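Scroll down for the structure; my scribbles are underneath it.
Heads up: numbering here begins at 1 and tracks the sequence. What you see is a predicted model, and the numbers here were worked out from it, not measured in a lab. Below, each value reflects all heavy atoms present in this structure, side chains not excepted, and no hydrogens, waters or symmetry copies.
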Amino acid sequence: MSKVKLLDKHTAELIAAGEVVERPSSVAKELVENCIDAGASVITVEIRHGGSSYIRVTDNGEGISPDDVPTAFLRHATSKIRVGADLDSIATLGFRGEALASICAVSKMELITRTAESDSGVHYVIEGSDEVVNEEIGCAVGTTIIVREMFYNTPARRKFLKSDKTEGNAIASVIDRVALSHPEISFRFIREGREVLLTPGDGKLRSAVHAVYGREFTSGLIPVKYNYNGVSVEGFVSKPVNSRPNRAMQIFFINGRYVRSNTMQRALEDACKGAVMIGKFPACVLGISLDCSAVDVNVHPAKLEVRFTDEKPVYESVYFAVRSSLAEFDAPRDVELPPARRVSTSPNMHEYSGVQIDLNNSMRARQSDSRMPADSHEEVDERDTENKPYDLAPLTVNDPGTVASAASSRPTPPVPPTYEEVVRAAEPEIHGTRPPEKSDFLQISDDRSEYSEVETPKKQTLTGETENIIEKNDSFILPEYKIVGEIFSTYILVESGGELILIDKHAAHERLIYERLLRQRENPDSQMLLTPIPVTLEKTQYDSVTQSIELLAQAGFEVEDFGMGTVLLRSVPTILSGDDAEGAFLEIAGQLRGGQTSVTTERIDWIYHTIACKSAIKGGDRNLPGELAELVLTLISYPDVRYCPHGRPIFVSLKQREIEKYFGRIQQ
């Protein structure tokens, strides 16, 4: 008995519909693209209940003739192509002849259409691929299609639809992209009875961008227009200072079709290298026009991906287009710096980068220091420092004591102070003999009682057990320590118990801030902004954020839905500065959109990670010695802290024995 059976027509249509119609946004996309192919100059889209119960698309295009109406709803019926060779040069958005057939297979559809040549129109109703009504009707030139009760005959698929708000935002995202790809068409989007989008249709891309994303986003764009090797590039790219923490606002079009293109994305980001900060991404609305035979759009069920016969001209066109625009519209301004000054208020008083140092007192301080020989000043080489100013912390070292006797007839050659002198002046008790005062630098905790638990380190003879305490317990416990300095403006050098410890100041600060946020989980510390910050989001990001307002409130963000893809930041975590708040929020919005995690506890922890990373001091930042001392002392009060929230180690150590091996002081 044969096991292979031919599926009936209805079942086959339901299977095929699943490839084209995934959700209401798929329906809106296919219908709007048909309107564009019909030559419409005005398109109106209206939805109710996120599009699951009602979608209406109206255009003023050429319409469908009465004889073609029933045929248009058959599978593979299309007016766009005739033979297979036509697939090599597709100039229309639709071409497969599957959209109407797939939509009517899973919904109740109603069509009203008339051509300019006809005196009357056609009213056609089809439900689940079965014709119900086909009658003559009076109507305007153009086409109106109404889709009701999506998946009414496939309840298993209907239950997988998301909330009305989420499905509605997905449709809004589709309309936004289509409106940007065709600025010559006026788009009107009505959602739950309220008009939320209206583009002018004046053919100007900037007008369409302004209508879709608002004035603030548009003001941060620079124009792009370039022709190279048969490829035309036109659109806008964000100024480097307006870059974003994710790629959600990178919009690409090819011959008027929205696509996801790794080639164009890579060209854009390569062109912005050196201008955009690492970890940031340029935003753009870029369209390219090229010969239809050079691109294959028939490689993705939703036609979102394309394939080029030769990627090189596309890459180079986008690359040089963006580079030339940045060079023209984002050129650096000429900045004149004042010449270096050498201020001398007395023969022994000199100023380096705004720091006044009394050289005699500085020398006397070195002589009195038990760590240096008394005659060390005689070994200092004379050197001209007028053209080599030392970049020191802005503090004044000026002991009002008696000037050393036997002054020379000429001024003493200027000698820069040592790191120990600067540390001693800025933080006299830097070696851990007291807890730090509360400052704006760390802001780890409002309750400083935790420092009382940290015993003051005492000098002692290290035993073998103490010497390996870090290695055995893998925690940051220092029996005796001295801050040696900082290298690469990133790592703090600490000497302790026969070891040299390198602390990543960003990782340490980030983890300490994260610990503070965890303690404030029930009562987040936030600050109200004098002026709310408007943040423009891509529609799917906007949907994720508006559904996570309570979650964001747990992290200290008070977010208000402003509508049309924009939210207002009214309060932000106190630990974040004004400049970091919007960037941190955009990064969080991107991860919420991407579905970073589904468990609420894990999501709030990830938000804490982002806040801590954005607000922590960065590698390369300049910090005062007192700030570094405060960071080290606070880190000691958390002996179990070993890694930053992202898993990177906070510190590494080198034993004295290992260092001496490098220099051959001891045998292997």
Side-chain angles (χ1 to χ4, degrees), residues 172-173 175-185 187 197-228 231-254 256 258-261 264-277 279-289 317-333 533-542 562 564-567 579 582-583 585-587 589-590:
S173 180
I175 304 303
D176 286 350
R177 293 166 180 169
V178 176
L180 293 174
S181 65
H182 292 274
E184 74 281 0
I185 301 176
F187 286 88
L197 176 66
L198 177 62
T199 63
D202 57 2
K204 299 177 181 178
L205 180 57
R206 182 176 288 274
S207 299
V209 174
H210 187 281
V212 172
Y213 291 129
R215 178 179 59 83
E216 186 173 353
F217 178 80
T218 307
S219 63
L221 301 177
I222 58 178
V224 175
K225 192 169 184 178
Y226 196 79
N227 288 283
Y228 174 79
V231 180
S232 175
V233 181
E234 188 170 356
F236 295 93
V237 66
S238 63
K239 299 175 183 177
V241 295
N242 296 114
S243 298
R244 301 171 77 92
N246 51 59
R247 298 184 175 94
M249 298 297 277
Q250 292 183 357
I251 313 296
F252 298 106
F253 307 105
I254 296 178
Y258 169 76
V259 297
R260 296 192 295 253
S261 172
M264 298 175 68
Q265 182 185 91
R266 187 172 66 252
L268 168 70
E269 295 178 6
D270 287 350
C272 292
K273 279 184 179 178
V276 173
M277 186 183 303
K280 297 278 189 177
F281 302 93
C284 73
V285 180
L286 286 179
I288 70 171
S289 299
S317 298
V318 175
Y319 178 86
F320 290 121
V322 175
R323 291 287 289 183
S324 60
S325 291
L326 290 176
E328 181 178 357
F329 297 101
D330 194 55
R333 298 180 179 178
I533 302 175
V535 182
T536 302
L537 301 170
E538 193 269 337
K539 290 299 190 297
T540 52
Q541 280 186 324
Y542 168 71
F562 198 61
M564 297 181 66
T566 300
V567 297
D579 294 338
E582 184 176 357
F585 180 77
L586 283 171
E587 187 168 333

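Between Ser324 and Tyr226, the shortest heavy-atom distance links the atoms OG-CD1, 3.9 Å. Of all non-hydrogen atoms in Ala271 and Leu326, the two that sit nearest each other are O-CD1, 3.9 Å. Of all the heavy atoms in Leu198 and Ala211, the pair that sits closest is O-CB, 3.8 Å. Closest non-hydrogen pair, Glu269 versus Pro282, comes out as CG-CD, 4.2 Å. Taking all atoms of both residues into account, the shortest heavy-atom contact from Thr536 to Arg244 is O-NH2, 2.6 Å. Pairing each heavy atom of Ala179 with each of Val212, the nearest pair is CB-CG2, 4.4 Å.
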Tell me, with the steps shown, if Phe585 and Val567 meet side-chain contact (heavy atoms from CB on, under 4.5 Å).
CA-CA 11 Å; Phe585 180 77; Val567 297; 3.8 Å; yes

* Asked: Taking it one step at a time, do Val535 and Phe562 satisfy side-chain contact (heavy atoms from CB on, under 4.5 Å)?
  -> CA-CA 9 Å; Val535 182; Phe562 198 61; over 6 Å; no

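Judged as a ring-ring contact (aromatic ring centres under 6.0 Å, His included), and not counting sequence neighbours, Phe187 has no contacts. With sequence neighbours left out, the side chain to side chain contact (heavy atoms under 4.5 Å, CB included) criterion links Asp270 to Arg266, Lys273, Tyr315, Tyr319.
Within the 3.5 Å criterion, the main-chain N or O of Asn246 finds no donor-acceptor partner in the side chain of Glu587. Distance alone, capped at 3.5 Å, is enough to place a donor-acceptor pair between the Ser181 side chain and the Val178 backbone. Of the possible polar contacts, none joining the Asn242 side chain to the Leu221 backbone as a donor-acceptor pair under 3.5 Å is found. Ser325 contributes a side-chain N or O that, together with a main-chain N or O of Pro223, makes up a donor-acceptor pair within less than 3.5 Å.
Ionic pairing of Glu538 and Arg247 is not present here: no N-O contact between side-chain nitrogen and carboxylate oxygen is shorter than 4.0 angstrom.
Sequence neighbours left out, not one pair with a member in residues 200-216 passes salt bridge (Lys or Arg N to Asp or Glu O under 4.0 Å).
Between atom CE of residue Met249 and atom CZ of residue Phe281 there is a gap of 15.0 Å, rounded to the nearest 0.5 Å. Taken from CD1 in Ile251 to OG in Ser173, the straight-line distance is 7.5 Å, to the nearest 0.5 Å. Rounding to the nearest 0.5 Å gives a distance of 7.0 Å between CG of Leu586 and NZ of Lys280. Distance check: Phe217 CZ to Ser238 OG gives 7.0 Å after rounding to the nearest 0.5 Å.
You'll find the side chain of Leu286 reaches within 4.5 Å of the side chain of Val322, heavy atoms only. Put simply, the side chain of Leu268 reaches to within 4.5 Å of the side chain of Phe252, judged on heavy atoms. Looking at Glu234 and Leu205, their side chains never come closer than 4.5 Å, going by heavy atoms from C-beta outward. For the pair Tyr213 and Leu180, the minimum side-chain heavy-atom distance is below 4.5 Å.
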